[in-house]
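The next block holds one structure in the form of structure tokens; read it before the comments.
Small disclaimer: the values here were computed from a predicted structure and weren't measured.
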Amino acid sequence: MPGVTDRVIAITGAGGGLGREYALLLAKEGALVVVNDLGGARDGTGAGSSMADEVVREIREAGGTAVANYDNIATEDGAANLVRTAIDSFGAIHGVVNNAGILRDGSFGKMTADNWESVQKVHLWGGYYVTRAAWPHFREQNHGRIVMASSTSGLFGNFGQANYGAAKLGLVGLVNTLAIEGARANILANAIAPMAATRMTEDIAPKELLDKLPPAHVAGVVGYLVSDECQDTATVVVAGGGQVYRVQQFQNKGAVFATPPSIDEVGAQWSRITDMSGAEPGANPLG
């Protein structure tokens with residue numbers, strides 16, 4: 001079937017912001033959507049069902065098909081329940097969009113272990129748990145689409161977001177391996193780094209910039225990544241404000257040492273080691 005018609009897609013954190021836009025667009029395009037949202041605050045505290053229920057209501061009133069799920073995907077049981085909701089409601093699961101996230105910003109010198117761990121659990125562990133629960137179904141049906149929500153904060157860094165940035169780049173590392181392991185079973189894994197005005201970004205970027213970044217601009221890109229037509233894998237795409245572009249790791253020719261080099265010998269070759277002119281896309285030399 002073309003596009004996402006009749007594909008069952010579970011979207012985490014879909015009660016608002018970017019996740020809501022993904023859910024609305026995918027349902028409009030014919031997907032059967034599981035709207036997951038814990039219903040908590042931006043920092044992960046609290047819970048409720050109203051956010052997910054409201055998005056499901058919007059979808060159904062527009063003629064689409066959706067069900068709500070309120071599980072905490074930062075736990076193994078919660079992620080398993082999300083996938084079970086898809087199976088019980090629609091008989092299958094074809095794609096997951098790991099969008100759920102929280103923020104607990106602070107400079108690294110003031111970063112508490114709790115704020116570090118809480119952010120890792122939702123973003124990185126949540127991405128793992130949900131994908132791991134869906135993985136056997138993807139393999140059995142020889143079809144799966146995985147989208148991880150990365151971030152420019154993970155790709156390039158951002159002051160006060162050491163926990164968030166580490167989790168977001170960790171998801172890119174997960175995507176790279178899932179793409180390799182899923183290739184034979186037609187399981188594709190990609191990452192999106194959205195730039196959008198949501199409650200997660202409302203006090204991080206200037207208002208005049210956020211006004212140019214409506215979440216709807218990102219939804220079509222995510223929709224393509226979970227579509228049947230998409231055949232790319234291990235791709236990281238930045239999207240926002242009408243721009244969509246790929247970010248990729250590159251490597252240069254570097255320097256070669258015939259014997260273990262001294263500190264001075266490394267220093268003498270440092271400009272050659274770090275010169276990226278003529279660099280090419282990188283690859284794992286051990287893979």
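Remark: the backbone N or O of Ala149 is paired with a side-chain donor or acceptor of Lys168 at under 3.5 angstrom. Listed for the Gln120 side chain is no donor-acceptor partner under 3.5 Å among the backbone atoms of Glu117. In this structure, Ser227 contributes its side chain and Gly3 its backbone to no donor-acceptor pair below 3.5 Å. For His217 (side chain) and Gly240 (main-chain N/O), no donor-acceptor pair under 3.5 Å exists by modelled atom type. A side-chain donor-acceptor contact under 3.5 Å links Asn186 to the backbone of Asn142. A distance-only check finds a donor-acceptor pair linking the side chain of Thr75 to the backbone of Asn72 [under 3.5 Å]. Looking at Thr152, its side chain never comes within 3.5 Å of a backbone N or O of Leu155 through a donor-acceptor pair. Not one N or O on the side chain of Gln269 forms a donor-acceptor pair closer than 3.5 Å with the backbone of Phe257. Using modelled atom types, one side-chain atom of Asn190 and one backbone atom of Asp232 make a donor-acceptor pair closer than 3.5 Å. Side chain of Arg145 to backbone of Val96: no donor-acceptor contact under 3.5 angstrom is found.
Ion pairing between Glu54 and Arg20 fails under the 4.0 Å rule for side-chain N and carboxylate O. Using a 4.0 Å cut-off between charged side-chain N and carboxylate O, Asp114 and Arg104 make a salt bridge.
Shown here is Gln251, whose CD atom has more than 12 heavy atoms of other residues, nucleotides or ligands within 6.0 Å. Atom CZ of Arg57 is surrounded by more than 12 heavy atoms from other residues, nucleotides or ligands within 6.0 Å. By the neighbour-count criterion of 12 heavy atoms within 6.0 Å, atom CZ of Phe159 is sparsely surrounded, having that number or fewer from other residues, nucleotides or ligands. Sparse packing is recorded around CZ of Arg184, with 12 or fewer heavy atoms of other residues, nucleotides or ligands lying under 6.0 Å away. A 6.0 Å sphere centred on CD of Glu61 holds more than 12 heavy atoms belonging to other residues, nucleotides or ligands. In this structure, Tyr128 places its OH atom where only 12 or fewer heavy-atom neighbours from other residues, nucleotides or ligands lie under 6.0 Å away.
Side-chain heavy atoms closer than 4.5 Å link hydrophobic residues (I, L, V, M, F, W, Y) into clusters, and following such links, possibly through other members, connects Trp135 to Val83. Using a 4.5 Å cut-off between side-chain heavy atoms of Ile, Leu, Val, Met, Phe, Trp and Tyr, with links allowed through other members, Phe250 and Leu169 fall into different hydrophobic clusters. Val237 and Val226 fall within a single hydrophobic cluster, where Ile, Leu, Val, Met, Phe, Trp and Tyr are joined by side-chain heavy atoms under 4.5 Å apart, directly or via other members. Both Ile11 and Leu24 are part of a single hydrophobic cluster, where members link through side-chain heavy atoms under 4.5 Å apart. Hydrophobic clustering keeps Met111 apart from Val122 (ILVMFWY residues linked when any side-chain heavy atoms are closer than 4.5 Å, directly or through intermediates).
What you find for Ala92 and Gln141 is that their closest heavy atoms are CB-OE1, 4.5 Å. Contact record, Pro260 with Glu265: O-OE1, 4.2 Å, taken as the closest heavy-atom pair. Shortest non-hydrogen contact noted between Ala68 and Asp53 is CB-OD1, 3.6 Å. Nearest heavy-atom pair across Ala86 and Val8 is CB-CG1, 4.0 Å. The two atoms that bring Pro281 and Gln248 nearest to each other are CB-NE2, 3.4 Å, heavy atoms only. Between Val175 and Ala189, the shortest heavy-atom contact is CG1-O, 3.4 Å.
Of the listed residues (Thr12, Val55, Ile9), just one forms a side-chain contact (heavy atoms from CB on, under 4.5 Å) with Val35, and that residue is Val55.
Considering only heavy atoms from C-beta on, Leu174 comes within 4.5 Å of Met148 through its side chain. Using a 4.5 Å heavy-atom cutoff, the side chains of Ile187 and Ile146 are in contact. Proximity of Val34 to Ser89: side-chain heavy atoms (C-beta onward) are nowhere separated by under 4.5 Å. In this structure, Val218 and Glu21 have side chains that are not in contact, with every pair of non-hydrogen atoms separated by 4.5 Å or more. Side-chain contact check for Pro194 versus Tyr22: some heavy-atom pair is nearer than 4.5 Å. Arg60 has its side chain within reach of Val67: a pair of non-hydrogen atoms, C-beta onward, lies under 4.5 Å apart. With a 4.5 Å cut-off on side-chain heavy atoms, Ile273 and Trp270 count as touching. No side-chain heavy atom of Thr85 sits less than 4.5 Å from a side-chain heavy atom of Asp88.
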* Check step by step if side-chain contact (heavy atoms from CB on, under 4.5 Å) holds for Ile59 and Thr65. => CA-CA 7 Å; Ile59 289 172; Thr65 303; 5.8 Å; no
* side-chain hydrogen bond (donor to acceptor under 3.5 Å, both in side chains) between Tyr164 and Asn158, intermediate numbers included -> CA-CA 9 Å; Tyr164 180 80; Asn158 194 31; over 6 Å; no
* Show your reasoning for whether side-chain contact (heavy atoms from CB on, under 4.5 Å) applies to Glu29 and Thr5. => CA-CA 6 Å; Glu29 294 291 331; Thr5 303; over 6 Å; no
* To do: Would you please test Ser277 and Asp275 for side-chain hydrogen bond (donor to acceptor under 3.5 Å, both in side chains) and show each step?
  => CA-CA 6 Å; Ser277 60; Asp275 179 14; 2.9 Å; yes
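For His143 and Phe138, the distance between ring centers is not under 6.0 angstrom.
Here the CD1-OG distance, from Ile192 to Ser150, works out to 9.5 Å after rounding to the nearest 0.5 Å. Atoms CG and CG, from Asp228 and Leu188 in turn, are 10.0 Å apart once rounded to the nearest 0.5 Å. Here CZ of Phe90 is found 10.5 Å from CG of Asp6. Values are rounded to the nearest 0.5 Å. Between atom CG of residue Asn163 and atom CG of residue Leu103 there is a gap of 8.0 Å, rounded to the nearest 0.5 Å. Taking CD1 of Ile180 as the start and CG of Leu178 as the end, the distance is 9.5 Å to the nearest 0.5 Å. To the nearest 0.5 Å, atom CG of residue Leu124 and atom CG of residue Asn98 are 10.5 Å apart.
In this structure Asp71 satisfies the side chain to side chain donor-acceptor pair (under 3.5 Å) test together with Asn69, Asn81, sequence neighbours excluded.
The aromatic rings of Trp125 and Tyr129 lie tilted to each other, with the angle between the two planes from 30° to 60°.
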